[in-house]
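Below, chain A is the first sequence line, B the second, and so on; all start at residue 1. As the structure is a computational prediction, the values presented were derived from the model and not from experiment.
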2 protein chains.
Amino acid sequence: MSKIRGSIEIEFPNEEVARVVYESVLFEHKTVPYRRSKLDFSLNGSKIIINFVADDNSALRGTINSYLRWIKVALEITEL
Amino acid sequence: MSKIRGSIEIEFPNEEVARVVYESVLFEHKTVPYRRSKLDFSLNGSKIIINFVADDNSALRGTINSYLRWIKVALEITEL
């Protein structure tokens with residue numbers, strides 16, 4: 001497979017929500033022991049920004065799925 | 001869920017491979033009857049570029065999965 005680069009930007013209603021979601025997912029991000037895709041996970045005001053580079057399409061799909069799922073779960077908890 | 005924007009850039013070994021893969025996936029892209037994520041699918045030399053905007057994290061995951069899977073299958077066929 002070929003080189004894949006990308007970025008995903010998620011805008012939250014406000015900085016507080018973004019920060020809470022970011023910190024929850026950061027915990028997961030830091031505990032992933034092994035990663036086949038290179039990924040930066042950062043917070044910028046009310047936005048979470050994910051930048052990635054991968055050589056392997058399947059690994060990248062798995063990685064994107066995990067991050068979007070973690071973000072969703074974290075956001076659902078802030079809305080409880 | 002909040003607004004999600006992103007782009008994914010896939011670089012192929014050469015323009016010919018990129019074009020063949022692009023055209024195969026373009027067919028799928030055009031036949032998707034209904035889409036919950038807004039998505040642009042374009043070719044730029046030896047790169048395929050996907051830009052998207054979505055309100056729904058789950059729909060977006062499904063969409064990204066489909067495109068990356070179609071690209072993978074198309075690329076595997078060109079390598080036969």
Set of salt bridge (charged side-chain N to carboxylate O under 4.0 Å, His left out) partners for A:Glu23, sequence neighbours left out: A:Arg19
Would you say [X] and [Y] are hydrophobically clustered, going by side-chain heavy atoms of ILVMFWY under 4.5 Å?
X       : Y       : answer
B:Leu75 : B:Val20 : no
A:Ile49 : A:Val25 : no
B:Val17 : B:Ile50 : yes

Cluster companions of A:Ile77 among Ile, Leu, Val, Met, Phe, Trp, Tyr (side-chain spacing under 4.5 Å): A:Val73
For A:Asn57 against B:Leu68, the heavy-atom pair lying closest together: ND2-O, 2.8 Å
Minimum heavy-atom distance between B:Ile64 and A:Ile8, given as atom pair plus value: CD1-CD1, 4.2 Å
From [X] [atom1] over to [Y] [atom2], what is the distance, rounded to the nearest 0.5 angstrom?
X      : Y       : atom1 : atom2 : value
B:Ile4 : A:Ile71 : CD1   : CD1   : 7.5 Å
A:Arg5 : B:Ser7  : CZ    : OG    : 11.5 Å
B:Lys3 : A:Glu9  : NZ    : CD    : 12.0 Å

